[in-house]
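For ligands, and for the atoms within them, numbers begin at 1 and follow the listed sequence.
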Amino acid sequence: MSALVKGSRSITKTVLSRPKMDGVGALVYRSIGDTELRNHDPFLLLDEFNVDKDGGFPDHPHRGFETVTYMLEGQFQHEDFAGHKGTIGPGDLQWMTAGRGIVHTEMPVKTQAPAHGLQLWINLPKEHKMCEPQYQELLDGQVPRANPQDGVVIKVIAGESHGVSSKVYTRTPTMYLDFKMASHKTVEQTIPSSYNGFIYGLKGTIFVGEEGVEGKPHQTLVLSEDETETIKISTKDEEAHFVVIAGQPLKEPLVQRGLFVMNTQDEIVEAMVDFQRGQHGFERARGWHSTIA
Ligand code: FJE
Ligand code: FE
(Lines give C-alpha, C1' and ligand atoms only; values in the text may rest on other atoms or scores of the structure.)
(Ligands and ions follow the chains in the order given, each with its own letter.)
Protein backbone atom coordinates (compact mmCIF):
# COMPACT_ATOMS: atom_id res chain seq x y z
CA MET A 1 0.00 0.00 0.00
CA SER A 2 1.21 3.51 -0.70
CA ALA A 3 1.57 5.95 2.16
CA LEU A 4 -1.40 8.08 3.07
CA VAL A 5 -0.92 11.51 1.52
CA LYS A 6 -0.93 14.05 4.29
CA GLY A 7 -0.23 17.75 4.47
CA SER A 8 3.05 17.45 6.33
CA ARG A 9 5.68 14.97 7.35
CA SER A 10 5.28 14.07 11.00
CA ILE A 11 7.71 13.58 13.88
CA THR A 12 8.62 10.00 14.75
CA LYS A 13 10.95 10.68 17.65
CA THR A 14 11.95 13.54 19.96
CA VAL A 15 15.30 13.34 21.73
CA LEU A 16 16.65 15.80 24.30
CA SER A 17 20.46 16.19 24.13
CA ARG A 18 22.28 16.03 27.43
CA PRO A 19 25.44 18.05 28.09
CA LYS A 20 28.75 16.17 28.02
CA MET A 21 32.45 16.90 27.66
CA ASP A 22 34.48 16.12 24.52
CA GLY A 23 37.78 17.24 23.01
CA VAL A 24 39.66 18.99 25.84
CA GLY A 25 37.29 20.54 28.38
CA ALA A 26 34.67 21.31 25.71
CA LEU A 27 30.96 21.20 26.54
CA VAL A 28 28.72 19.69 23.84
CA TYR A 29 25.06 18.78 23.58
CA ARG A 30 25.17 15.74 21.27
CA SER A 31 22.10 15.13 19.12
CA ILE A 32 22.84 12.78 16.21
CA GLY A 33 25.68 10.45 17.19
CA ASP A 34 24.53 9.76 20.73
CA THR A 35 23.05 6.36 21.69
CA GLU A 36 19.45 7.24 20.82
CA LEU A 37 20.22 8.70 17.38
CA ARG A 38 23.16 6.80 15.93
CA ASN A 39 23.75 7.08 12.19
CA HIS A 40 20.77 8.98 10.92
CA ASP A 41 22.09 8.25 7.40
CA PRO A 42 23.82 10.33 5.93
CA PHE A 43 24.44 12.18 9.22
CA LEU A 44 26.99 10.91 11.72
CA LEU A 45 26.93 13.58 14.40
CA LEU A 46 25.39 16.89 15.43
CA ASP A 47 26.94 18.70 18.39
CA GLU A 48 25.73 21.97 19.83
CA PHE A 49 29.01 23.16 21.33
CA ASN A 50 29.54 25.78 24.00
CA VAL A 51 33.26 26.09 24.50
CA ASP A 52 34.83 28.59 26.89
CA LYS A 53 38.46 29.72 27.03
CA ASP A 54 39.63 26.55 28.79
CA GLY A 55 38.25 24.17 26.18
CA GLY A 56 38.75 23.24 22.55
CA PHE A 57 39.55 20.57 20.02
CA PRO A 58 43.37 20.47 19.65
CA ASP A 59 45.23 18.66 16.83
CA HIS A 60 43.16 15.73 15.50
CA PRO A 61 42.68 13.96 12.14
CA HIS A 62 39.58 13.26 10.01
CA ARG A 63 39.02 10.97 7.03
CA GLY A 64 35.97 9.91 5.02
CA PHE A 65 33.37 12.58 5.87
CA GLU A 66 32.60 16.31 6.09
CA THR A 67 32.34 18.60 9.10
CA VAL A 68 30.10 21.66 8.93
CA THR A 69 30.71 24.23 11.66
CA TYR A 70 28.04 26.92 12.04
CA MET A 71 28.72 29.66 14.57
CA LEU A 72 25.94 31.18 16.67
CA GLU A 73 27.93 33.25 19.20
CA GLY A 74 31.58 33.96 19.93
CA GLN A 75 34.45 33.07 17.64
CA PHE A 76 36.30 29.92 16.65
CA GLN A 77 39.81 29.72 15.25
CA HIS A 78 41.01 26.86 13.11
CA GLU A 79 44.31 25.83 11.61
CA ASP A 80 45.22 22.76 9.57
CA PHE A 81 48.39 20.90 8.57
CA ALA A 82 48.46 22.65 5.18
CA GLY A 83 48.68 26.07 6.82
CA HIS A 84 45.03 26.85 6.18
CA LYS A 85 43.98 29.13 9.03
CA GLY A 86 41.06 31.38 9.89
CA THR A 87 38.46 32.65 12.33
CA ILE A 88 34.69 32.35 12.08
CA GLY A 89 32.18 34.38 14.07
CA PRO A 90 28.40 34.58 14.58
CA GLY A 91 26.45 33.46 11.52
CA ASP A 92 29.57 32.34 9.63
CA LEU A 93 30.17 28.80 8.55
CA GLN A 94 32.88 26.42 7.48
CA TRP A 95 31.95 23.45 5.32
CA MET A 96 35.02 21.19 5.44
CA THR A 97 35.38 18.10 3.30
CA ALA A 98 38.03 15.99 5.04
CA GLY A 99 38.14 13.48 2.18
CA ARG A 100 41.36 11.44 2.29
CA GLY A 101 42.69 13.40 5.23
CA ILE A 102 42.83 16.57 7.28
CA VAL A 103 44.63 17.18 10.55
CA HIS A 104 43.48 20.35 12.26
CA THR A 105 42.81 22.27 15.45
CA GLU A 106 39.56 24.01 16.42
CA MET A 107 39.79 26.43 19.37
CA PRO A 108 37.62 29.28 20.69
CA VAL A 109 39.14 32.76 20.50
CA LYS A 110 40.06 33.17 24.13
CA THR A 111 39.24 36.82 24.65
CA GLN A 112 35.68 36.45 23.42
CA ALA A 113 32.44 35.07 24.83
CA PRO A 114 32.23 31.25 24.76
CA ALA A 115 32.15 29.85 21.24
CA HIS A 116 28.59 28.58 20.68
CA GLY A 117 27.45 26.83 17.53
CA LEU A 118 26.66 23.60 15.73
CA GLN A 119 28.96 21.04 14.23
CA LEU A 120 27.39 18.55 11.82
CA TRP A 121 29.20 15.50 10.40
CA ILE A 122 27.98 14.32 7.01
CA ASN A 123 29.11 10.95 5.68
CA LEU A 124 30.62 10.87 2.18
CA PRO A 125 29.56 8.44 -0.56
CA LYS A 126 32.08 5.67 -1.18
CA GLU A 127 33.41 7.33 -4.35
CA HIS A 128 34.16 10.61 -2.51
CA LYS A 129 35.72 9.28 0.70
CA MET A 130 39.28 9.64 -0.60
CA CYS A 131 38.76 12.94 -2.47
CA GLU A 132 41.05 15.96 -2.05
CA PRO A 133 40.18 17.93 1.08
CA GLN A 134 38.16 21.09 0.43
CA TYR A 135 36.96 24.08 2.42
CA GLN A 136 33.87 26.11 1.62
CA GLU A 137 33.76 29.10 3.92
CA LEU A 138 30.87 31.54 4.04
CA LEU A 139 30.56 34.66 6.11
CA ASP A 140 27.11 35.43 7.50
CA GLY A 141 26.50 38.09 4.83
CA GLN A 142 27.28 35.64 2.02
CA VAL A 143 24.56 33.18 3.04
CA PRO A 144 21.39 33.84 1.01
CA ARG A 145 18.07 34.39 2.82
CA ALA A 146 14.52 33.48 1.93
CA ASN A 147 11.81 35.70 3.39
CA PRO A 148 8.56 33.94 2.45
CA GLN A 149 6.45 36.17 4.73
CA ASP A 150 6.78 38.88 7.37
CA GLY A 151 8.48 37.51 10.46
CA VAL A 152 10.04 34.45 8.79
CA VAL A 153 13.70 34.55 7.74
CA ILE A 154 15.34 31.40 6.41
CA LYS A 155 19.12 31.29 5.91
CA VAL A 156 19.83 28.84 3.10
CA ILE A 157 23.13 27.26 4.17
CA ALA A 158 22.70 24.31 1.80
CA GLY A 159 19.96 23.28 -0.60
CA GLU A 160 16.96 25.39 -1.47
CA SER A 161 14.09 27.19 0.26
CA HIS A 162 11.25 29.24 -1.24
CA GLY A 163 13.14 29.80 -4.50
CA VAL A 164 16.47 30.72 -2.86
CA SER A 165 19.43 28.39 -3.45
CA SER A 166 22.77 27.93 -1.72
CA LYS A 167 26.01 27.81 -3.70
CA VAL A 168 27.57 25.28 -1.32
CA TYR A 169 28.60 22.13 -3.18
CA THR A 170 27.32 19.02 -1.40
CA ARG A 171 28.80 15.66 -2.40
CA THR A 172 26.08 14.06 -0.33
CA PRO A 173 22.88 15.90 -1.30
CA THR A 174 22.11 17.93 1.82
CA MET A 175 19.68 20.63 2.93
CA TYR A 176 20.69 22.87 5.84
CA LEU A 177 18.32 25.72 6.72
CA ASP A 178 18.35 28.16 9.65
CA PHE A 179 14.89 29.48 10.58
CA LYS A 180 14.07 32.56 12.64
CA MET A 181 10.33 32.96 13.16
CA ALA A 182 8.31 35.59 15.01
CA SER A 183 5.41 34.46 17.23
CA HIS A 184 2.14 33.24 15.66
CA LYS A 185 3.57 32.24 12.27
CA THR A 186 3.22 29.10 10.16
CA VAL A 187 5.62 28.13 7.42
CA GLU A 188 5.87 25.19 5.05
CA GLN A 189 9.19 23.85 3.83
CA THR A 190 9.68 21.47 0.91
CA ILE A 191 12.06 18.60 1.60
CA PRO A 192 12.81 15.96 -1.07
CA SER A 193 10.83 12.86 -0.08
CA SER A 194 13.89 10.57 -0.29
CA TYR A 195 15.81 12.59 2.34
CA ASN A 196 16.20 11.70 6.00
CA GLY A 197 15.73 14.79 8.10
CA PHE A 198 15.45 16.35 11.51
CA ILE A 199 14.85 19.67 13.25
CA TYR A 200 17.10 20.91 16.05
CA GLY A 201 15.73 23.58 18.42
CA LEU A 202 17.85 26.56 19.46
CA LYS A 203 15.37 29.03 20.96
CA GLY A 204 11.62 29.13 21.73
CA THR A 205 8.96 26.47 21.17
CA ILE A 206 7.78 25.25 17.77
CA PHE A 207 4.88 23.01 16.71
CA VAL A 208 5.50 20.59 13.87
CA GLY A 209 3.29 18.64 11.46
CA GLU A 210 -0.49 18.25 11.47
CA GLU A 211 -0.31 17.00 15.06
CA GLY A 212 1.65 20.05 16.26
CA VAL A 213 4.41 18.06 18.01
CA GLU A 214 6.33 20.41 20.32
CA GLY A 215 10.00 21.16 19.82
CA LYS A 216 12.22 23.04 22.27
CA PRO A 217 15.89 24.04 22.58
CA HIS A 218 18.35 21.11 22.72
CA GLN A 219 15.69 18.80 21.25
CA THR A 220 16.05 16.86 18.02
CA LEU A 221 12.80 16.10 16.18
CA VAL A 222 13.23 13.26 13.69
CA LEU A 223 11.09 13.62 10.54
CA SER A 224 9.01 10.68 9.34
CA GLU A 225 10.03 8.87 6.19
CA ASP A 226 7.04 9.11 3.89
CA GLU A 227 5.89 10.32 0.50
CA THR A 228 5.15 13.83 1.69
CA GLU A 229 7.43 16.57 0.42
CA THR A 230 6.60 19.25 2.96
CA ILE A 231 6.97 19.93 6.62
CA LYS A 232 4.74 22.41 8.41
CA ILE A 233 6.16 24.39 11.33
CA SER A 234 4.35 26.93 13.55
CA THR A 235 5.08 29.22 16.46
CA LYS A 236 2.57 30.30 19.08
CA ASP A 237 3.32 32.86 21.83
CA GLU A 238 7.10 33.03 21.41
CA GLU A 239 9.55 33.62 18.61
CA ALA A 240 11.73 30.68 17.67
CA HIS A 241 15.12 29.79 16.20
CA PHE A 242 15.88 26.31 14.87
CA VAL A 243 17.62 24.47 12.03
CA VAL A 244 16.13 22.00 9.55
CA ILE A 245 18.69 19.51 8.23
CA ALA A 246 17.99 16.75 5.72
CA GLY A 247 20.03 14.61 3.37
CA GLN A 248 19.99 11.76 0.89
CA PRO A 249 20.72 8.50 2.77
CA LEU A 250 23.77 6.73 1.34
CA LYS A 251 22.69 3.19 2.29
CA GLU A 252 26.32 2.02 2.21
CA PRO A 253 28.23 -0.08 4.74
CA LEU A 254 29.68 2.09 7.50
CA VAL A 255 32.58 1.43 9.85
CA GLN A 256 33.49 4.26 12.21
CA ARG A 257 36.52 4.42 14.44
CA GLY A 258 36.49 7.79 16.16
CA LEU A 259 37.44 10.40 13.58
CA PHE A 260 37.80 7.97 10.65
CA VAL A 261 34.61 6.90 8.85
CA MET A 262 34.95 4.34 6.06
CA ASN A 263 33.02 1.47 4.45
CA THR A 264 35.06 -1.53 5.71
CA GLN A 265 37.19 -2.57 8.68
CA ASP A 266 40.21 -2.89 6.35
CA GLU A 267 39.82 0.74 5.27
CA ILE A 268 39.77 1.79 8.94
CA VAL A 269 43.03 -0.05 9.60
CA GLU A 270 44.44 1.60 6.46
CA ALA A 271 43.38 5.02 7.75
CA MET A 272 45.13 4.47 11.08
CA VAL A 273 48.31 3.22 9.37
CA ASP A 274 48.24 6.11 6.86
CA PHE A 275 47.87 8.63 9.69
CA GLN A 276 50.69 7.05 11.75
CA ARG A 277 53.08 6.79 8.81
CA GLY A 278 52.07 10.10 7.23
CA GLN A 279 51.02 8.75 3.83
CA HIS A 280 48.08 8.68 1.35
CA GLY A 281 46.88 12.15 2.26
CA PHE A 282 48.49 12.44 5.70
CA GLU A 283 52.00 13.37 4.42
CA ARG A 284 51.84 16.81 6.01
CA ALA A 285 50.79 15.31 9.36
CA ARG A 286 54.41 14.26 10.02
CA GLY A 287 55.70 16.38 12.85
CA TRP A 288 52.94 18.96 12.45
CA HIS A 289 51.68 20.86 15.51
CA SER A 290 49.24 23.74 15.38
CA THR A 291 50.37 27.14 16.56
CA ILE A 292 47.01 28.02 18.16
CA ALA A 293 46.19 25.02 20.41
C1 FJE B 1 35.52 14.66 18.50
C2 FJE B 1 38.03 14.71 19.60
C3 FJE B 1 37.56 15.83 18.92
N4 FJE B 1 32.40 17.90 18.52
N5 FJE B 1 32.10 20.20 17.95
C6 FJE B 1 37.26 13.58 19.75
F7 FJE B 1 38.33 16.90 18.80
C8 FJE B 1 36.27 15.82 18.35
C9 FJE B 1 35.80 17.02 17.60
C10 FJE B 1 34.49 17.62 17.87
C11 FJE B 1 34.11 18.95 17.61
C12 FJE B 1 34.74 20.06 17.08
C13 FJE B 1 34.02 21.21 17.03
CL14 FJE B 1 34.72 22.65 16.44
C15 FJE B 1 32.70 21.27 17.45
C16 FJE B 1 32.80 19.05 18.02
C17 FJE B 1 33.40 17.02 18.42
O18 FJE B 1 36.52 17.56 16.78
F19 FJE B 1 34.32 14.58 17.99
C20 FJE B 1 36.00 13.55 19.22
N21 FJE B 1 35.20 12.42 19.35
FE1 FE C 1 37.70 18.46 13.63
(message) Donor-acceptor check, side chain of Asn147 to backbone of Val152, threshold 3.5 angstrom: yes or no?
(response) yes
Would you mind writing out a table of all protein N or O atoms found under 3.5 Å from any N or O atom of ligand 1, naming both atoms and giving the distance to 0.1 Å?
{"unit_1": "ligand 1", "atom_1": "4 (N)", "unit_2": "Asp47", "atom_2": "OD2", "d": "2.7"}
{"unit_1": "ligand 1", "atom_1": "18 (O)", "unit_2": "His60", "atom_2": "NE2", "d": "3.1"}
{"unit_1": "ligand 1", "atom_1": "21 (N)", "unit_2": "Asp22", "atom_2": "OD2", "d": "3.4"}

(request) Please confirm whether the backbone N or O of Gly197 pairs with a side-chain atom of His40, one donor and one acceptor, at under 3.5 Å? (result) yes
(message) Using the Fe ion (ligand 2) as the vertex, how large is the angle between NE2 of His60 and OE1 of Glu106, rounded to 10 degrees?
(response) 80°
(request) Decide, yes or no, whether a salt bridge links Arg284 with Asp80 under the criterion of side-chain N to carboxylate O below 4.0 Å. (result) no
(message) Checking Gln134 against Arg171: is there a side-chain donor and acceptor pair closer than 3.5 Å?
(response) yes
(message) Aromatic contact between His104 and His62, with the criterion being ring centroids under 6.0 Å apart: yes or no?
(response) yes
(request) Scan residues 250-279 for pairs that pass ring pair (Phe, Tyr, Trp, His ring centres under 6.0 Å), counting only residues two or more places apart or in two chains. (result) Phe275-Phe282
(request) Measure up the Phe179 and Phe242 rings against each other and bin them: parallel (under 30°), tilted (30 to 60°), perpendicular (over 60°). (result) parallel
(message) If I take the Fe ion (ligand 2) as the centre, what angle separates the NE2 atom of His62 from the NE2 atom of His104? Nearest 10 degrees is fine.
(response) 100°
